[in-house]
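Following: one structure in structure tokens, then a few remarks.
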Protein chains: 2
Amino acid sequence: MNEKEILRLLELIKPFPRVFSKTIRKGDVVADYLEKRDRIFILEEGEADLIKFDTKGAKYIQEHYTDHDLFGEIFHAISVSGEYSVIADTRCTVTYFSLSDLSDETASHTNYPEIVGLLLSIFSSKFEQLNFHIAMLSKRTIRDRLLTYFNDLARRNYQRVFYVPMSYTQLADYLSVDRSAMMREIKNLEDEGFIDRNKYRIRLLTNI
Amino acid sequence: MNEKEILRLLELIKPFPRVFSKTIRKGDVVADYLEKRDRIFILEEGEADLIKFDTKGAKYIQEHYTDHDLFGEIFHAISVSGEYSVIADTRCTVTYFSLSDLSDETASHTNYPEIVGLLLSIFSSKFEQLNFHIAMLSKRTIRDRLLTYFNDLARRNYQRVFYVPMSYTQLADYLSVDRSAMMREIKNLEDEGFIDRNKYRIRLLTNI
DNA sequence: TTTCATTTGTTGCGATTGCAACACTTGAAA
DNA sequence: TTTCAAGTGTTGCAATCGCAACAAATGAAA
């Protein structure tokens with residue numbers, strides 16, 4: 001996501017009364033995903049996790065957010081079963097607003113077109129992310145999912161060497177495969193000479 | 001997607017010079033998905049298919065569009081390999097525009113807030129669709145994918161009886177599973193008393 | 001009405017995957 | 001520094017899936 005755009009958006013919208021900011025202490029709930037609404041949250045400072053509680057009460061970290069990350073109900077695949085919360089990992093400052101409220105409130109303002117432009121740009125990035133996720137999940141083998149994901153990382157890094165930006169447990173969740181099966185397949189890719197790996201540092205050795 | 005909103009949007013934006021309309025003859029190309037741009041297409045009349053050509057040249061129908069459907073590069077998971085085109089199935093009338101051009105052009109107009117509101121609403125629906133697709137693809141068995149999909153159809157139909165709105169070949173593609181394996185699993189669901197089926201008419205018999 | 005391409009329906013088989021189980025490593029809090 | 005929860009790495013095994021192959025049904029065009 002473009003950090004400059006997020007900062008500019010914050011600058012433009014903060015003066016409006018229905019754009020809220022608050023500070024959350026470590027461990028506290030940033031946002032509940034109980035009801036599907038059109039709220040958008042911007043994490044200004046700190047770190048937070050999107051946590052899923054499944055039907056058995058077990059909890060999983062679904063996503064991790066840092067400075068200037070953006071989240072909200074409409075950007076997420078909230079599965080049918082289970083509840084979601086965003087929990088502060090450290091002390092957090094978050095700014096949030098309802099999309100429709102913001103639109104109403106800023107409509108007559110001089111900066112409205114710029115605000116809209118920024119929102120549309122942010123939405124485009126989110127569409128891109130979701131579309132990539134779908135394209136990746138449409139691959140039918142763990143190997144293809146890994147290679148699709150790795151190639152994307154390399155492409156966005158302009159290099160064949162990159163660091164996996166999350167834990168392997170989280171990666172397995174993102175790829176929606178069993179973690180142990182994924183580790184086995186990573187090992188296979190190493191053994192067969194497709195990748196070179198050192199913990200989270202990976203180098204692609206082929207042109208697939 | 002809300003048809004009323006699409007119609008209202010068309011009404012509002014058609015007068016602008018950089019909103020284009022054209023008629024396409026059956027079999028002709030409505031839009032090429034070669035370059036990723038921010039164009040949005042609204043099919044006003046007729047039917048069209050999103051076709052994928054894979055690396056071997058084989059073609060697949062990826063999606064089917066009818067009156068007042070909406071498509072465009074940003075809404076799609078364009079996989080790495082292969083090319084896409086939208087081909088007219090019958091004579092079509094299509095209206096299209098570049099999102100940024102439209103925003104620029106209408107920014108100073110009285111109807112700008114309403115146009116923006118409609119666009120945001122349309123985007124929200126698309127996010128919902130993509131998020132559902134991801135939630136469904138995150139299921140690891142064909143059975144779970146089918147039940148997730150069927151339950152959604154039933155929910156949106158307010159009934160446990162519904163019609164699968166596409167061919168089983170297309171459904172297998174949407175669920176991203178092998179067609180024969182999917183047919184086998186549908187048969188299993190019938191045999192085990194989870195569903196009742198007559199061609200495309202399905203009745204859910206359980207409360208999962 | 002006939003033709004023919006497309007879709008549906010079915011099965012066997014081998015490959016891949018999820019699951020369970022366990023040891024080892026890591027890193028943050030006490 | 002110690003403790004302990006969380007993540008990593010590995011393996012056997014059974015379940016599921018994709019693939020290939022083919023027959024039957026369907027439906028649109030000639």
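Chain A is the first sequence line, chain B the second, and so forth, proteins listed ahead of strands; every chain is numbered from 1.
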Regarding B:Thr90 and B:Glu47, is there a side-chain donor-to-acceptor distance under 3.5 Å anywhere?
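B:Glu47 and B:Thr90 do not have a side-chain donor-acceptor pair below 3.5 Å.
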A:Glu185 vs B:Met183, nearer the 5' end of DNA chain C by closest nucleotide
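It is B:Met183 whose nearest nucleotide is closer to the 5' end.
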Closest-nucleotide 5' rank along DNA chain C - winner of B:Ser167 and A:Ser180:
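On the 5' side of the pair lies B:Ser167.
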List the atom of A:Gln170, the atom of A:Glu63, and the distance in Å for their closest heavy-atom pair.
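Closest approach of A:Gln170 to A:Glu63, heavy atoms only: NE2-C, 4.5 Å.
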Length of the line joining [X]:[atom1] and [N]:[atom2], which is rounded to integer Å:
| X | N | atom1 | atom2 | answer |
| --- | --- | --- | --- | --- |
| A:Lys139 | C:dT17 | NZ | P | 14 Å |
| B:Asp191 | C:dG9 | CG | C1' | 13 Å |
| A:Glu190 | D:dT8 | CD | P | 14 Å |
| A:Gln170 | D:dA6 | CD | P | 13 Å |
| B:Leu175 | D:dC17 | CG | P | 12 Å |
| A:Asp89 | D:dA6 | CG | C1' | 13 Å |
| A:Leu189 | C:dT16 | CG | C1' | 14 Å |
| B:Met182 | C:dT10 | CE | P | 12 Å |

Counting only side-chain nitrogens and oxygens, does B:Arg143 get under 4.0 Å of the OP1 or OP2 atom of D:dA15?
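The answer is no; no side-chain N or O of B:Arg143 sits under 4.0 Å from OP1 or OP2.
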Tell me whether the rings of B:Tyr65 and B:His76 are parallel (<30°), tilted (30 to 60°) or perpendicular (>60°).
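B:Tyr65 vs B:His76 ring planes: perpendicular.
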Should the pair B:Phe75 and B:Phe123 be assigned to parallel (<30°), tilted (30 to 60°) or perpendicular (>60°) ring geometry?
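The rings of B:Phe75 and B:Phe123 stand perpendicular, inter-plane angle above 60°.
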State which of [options] makes the closest approach to the side chain of [X].
| X | options | value |
| --- | --- | --- |
| A:Asp178 | D:dG9, C:dC19, C:dG9 | C:dC19 |
| A:Arg179 | D:dT8, C:dT17, D:dG18 | D:dT8 |
| A:Lys199 | C:dT8, D:dG9, D:dG18 | D:dG9 |
| B:Arg184 | C:dT10, D:dG12, D:dC17 | D:dC17 |
| B:Tyr168 | C:dT8, C:dT10, C:dT17 | C:dT8 |

Could you tell me whether [X] and [Y] have their ring centroids closer than 6.0 angstrom?
| X | Y | answer |
| --- | --- | --- |
| A:His133 | A:Tyr174 | yes |
| B:Phe41 | B:Phe71 | yes |
| B:Tyr163 | B:Tyr200 | no |

Pick the closest DNA chain D nucleotide for A:Thr169 and for B:Ile142 by heavy atoms, then say which residue is nearer the 5' end.
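Looking at the nearest nucleotide for each, A:Thr169 comes out on the 5' side.
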Residue mapping more 5' on DNA chain D - nearest nucleotide basis, A:Tyr200 or B:Arg140
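Checking each residue's closest nucleotide, the 5'-ward one belongs to A:Tyr200.
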Got B:Val177 and B:Arg145 here, is their nearest side-chain heavy-atom distance under 4.5 Å?
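Yes, at least one pair of side-chain atoms sits under 4.5 Å.
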Angle of first-five versus last-five pair axes in the helix from C:dT1-D:dA30 to C:dA30-D:dT1, to 10 degrees
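One end's axis against the other's: 50°.
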Heteroatom pairs (N/O) under 3.5 angstrom, protein to nucleotides 27-30 of chain C:
residue	atom	partner	partner atom	Å
C:dA29	OP1	A:Lys26	NZ	3.2

Non-neighbouring partners of B:Arg143 that pass side-chain contact (heavy atoms from CB on, under 4.5 Å), sequence neighbours left out:
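Per chain and number, B:Arg143 pairs via side-chain contact (heavy atoms from CB on, under 4.5 Å) with B:Thr141, B:Leu147, B:Glu185, B:Asn188, B:Leu189, B:Glu192, B:Phe194.
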Measure from NZ or CZ of A:Arg197 to the centre of the six-membered ring of A:Tyr168, then state whether that distance is under 6.0 Å and the direction lies within 45° of the axis.
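Verdict for A:Tyr168: a cation-pi partner in A:Arg197.
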